[in-house]
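Scroll down for the structure; my scribbles are underneath it.
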Amino acid sequence: MSDLEVQAGLAAQSRQSGPSRRLGVAETAAGVLALFLLVSAVVPQLLAPGDPLAIDPLSAFQPPNLAHGFGTDESGRDIYSRVVHGTQYSLVIGAVATAIGLGLGILLGTLAGMLGRVVDFTVNRFLEVLFAFPGLLLALLFIVIFGPGVVTATIAVGLSTAPGYARIIRAQLITVRSQAFVEAATVLGRTRWQILLRHILPNTLAPLFVLATLGVGQAIVWAATLSYLGLGAEPPTSEWGAMLSAGRTYITSAWWMSFFPGLFIVLTAVTATVLGRSIDRRMRHA
């Protein structure tokens, strides 16, 4: 092979691998916004030192201006400060709800995939019953039984996402269980639980990081929906869904009260989706 052929091959390889290493515009924007949201959740005073609950009736219903970048609400509270401080509520609710859904999904998926046909049949019928209800409707049913509130809404969102995770984990577990290294461990005399903990679960749970990233965005949207309906966080809490609910009364005269919380709900969900798909794509090409 000539030097020119070698250089051509290296150039082709560089062109093929380059896009997978470089960040696209969407990924870069999502990363910047994710950093902003993380800082807002951990140290909101750094970005918005004002008190999100401080009222100033004389400043009520001010549109976006130099003093109040996102305007003010009916009590004169600064909407920018409320949106920044509300990031903590929304991200925590999304993360906890996703953890609940994943935890139940792992439990149900593992039971279905490891404990034989009877258990698999039982778990699958249970999941089919849950799938008969749309996810948000299942969350509403849970809240009707146990009452509204932030904790109840978080648990409800987590429960409503669990069936989907369980199906994915069960399918992944069955695929991994048929691999040669699992058969080798069985031949070596490993117990079922040793094989599960040492070989199957580590290879099954790897894709869950991507699922969790995508799930956080979905959980935030659903939690905000419940708050908007008055079943989650309640005003004057600076949670985005509660802010949307408070602003709907003034949507024609003070559009900014609903626009900015809604914008951040959408941007957070899009950010989670873009980052999740980027991670998935890079894992597949690794």
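Computed over heavy atoms, backbone and side chain alike; hydrogens, waters and symmetry mates excluded. The shown structure was predicted, so the numbers you read here are calculated from the model rather than taken from an experiment.
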Output yes when a side-chain donor or acceptor of [X] lies under 3.5 Å from a complementary backbone atom of [Y], and no otherwise.
X	Y	answer
Trp240	Val83	yes
His68	Pro63	no
Gln88	His85	no
Arg77	Ala54	no
Thr152	Gly149	no
Ser278	Val274	no
Thr213	Gly276	no
Thr237	Ala233	no

Working to the nearest 0.5 angstrom, can you tell me the gap between [X] [atom1] and [Y] [atom2]?
X	Y	atom1	atom2	result
Ile145	Leu140	CD1	CG	11.5 Å
Leu267	Leu263	CG	CG	4.5 Å
Tyr89	Thr154	OH	OG1	12.0 Å
Ile143	Leu159	CD1	CG	10.5 Å
Ile155	Ile93	CD1	CD1	11.5 Å
Leu107	Leu102	CG	CG	12.5 Å

Check for me, please, whether [X] and [Y] land in the same ILVMFWY cluster - side-chain distances under 4.5 Å, paths through other members count.
X	Y	result
Leu127	Val157	no
Val119	Phe126	yes
Leu275	Leu38	no
Leu53	Val150	no
Ile55	Met243	no

By side-chain hydrogen bond (donor to acceptor under 3.5 Å, both in side chains), which residues pair with Arg170, not counting sequence neighbours? Asp120

Among all residues two or more places apart in sequence or in another chain, which pass the side-chain hydrogen bond (donor to acceptor under 3.5 Å, both in side chains) test with Thr175?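 Result, side-chain hydrogen bond (donor to acceptor under 3.5 Å, both in side chains) vs Thr175: none returned.
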
Donor-acceptor contacts, no H, no angles, side chain residues 250-260, under 3.5 Å, sequence neighbours left out:
unit_1: Trp256; atom_1: NE1; unit_2: Gln62; atom_2: O; d: 3.2
unit_1: Trp256; atom_1: NE1; unit_2: Thr72; atom_2: O; d: 2.9
unit_1: Ser258; atom_1: OG; unit_2: Gly247; atom_2: O; d: 3.3

Closest heavy-atom pair and its distance - [X], [Y]:
X	Y	answer
Gly101	Thr161	CA-OG1, 3.6 Å
Pro148	Gly230	CB-O, 4.3 Å
Gly135	Ser160	O-CB, 3.1 Å
Ala153	Gly232	CB-CA, 4.0 Å
Val221	Ala269	CG2-CB, 3.8 Å
Thr271	Ala30	CG2-O, 3.3 Å

Under the criterion side-chain contact (heavy atoms from CB on, under 4.5 Å), I'd like the reasoning laid out for Val216 against Thr268: C-alpha separation, chi angles, the key distance, then a yes or no. CA-CA 9 Å; Val216 167; Thr268 302; 5.9 Å; no

Do the side chains of Tyr228 and Arg248 get nearer than 4.5 Å, heavy atoms only?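 When only atoms from C-beta onward are counted, Tyr228 and Arg248 do touch, with a gap below 4.5 Å.
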
Does Arg167 reach the side chain of Leu108, with side-chain heavy atoms less than 4.5 Å apart? no

Could you walk me through whether Tyr80 and Leu47 pass the side-chain contact (heavy atoms from CB on, under 4.5 Å) check? CA-CA 10 Å; Tyr80 170 75; Leu47 299 175; 3.9 Å; yes

Give a yes or no on whether Arg125 atom CZ has more than 12 heavy-atom contacts from other residues, nucleotides or ligands under 6.0 Å away. yes

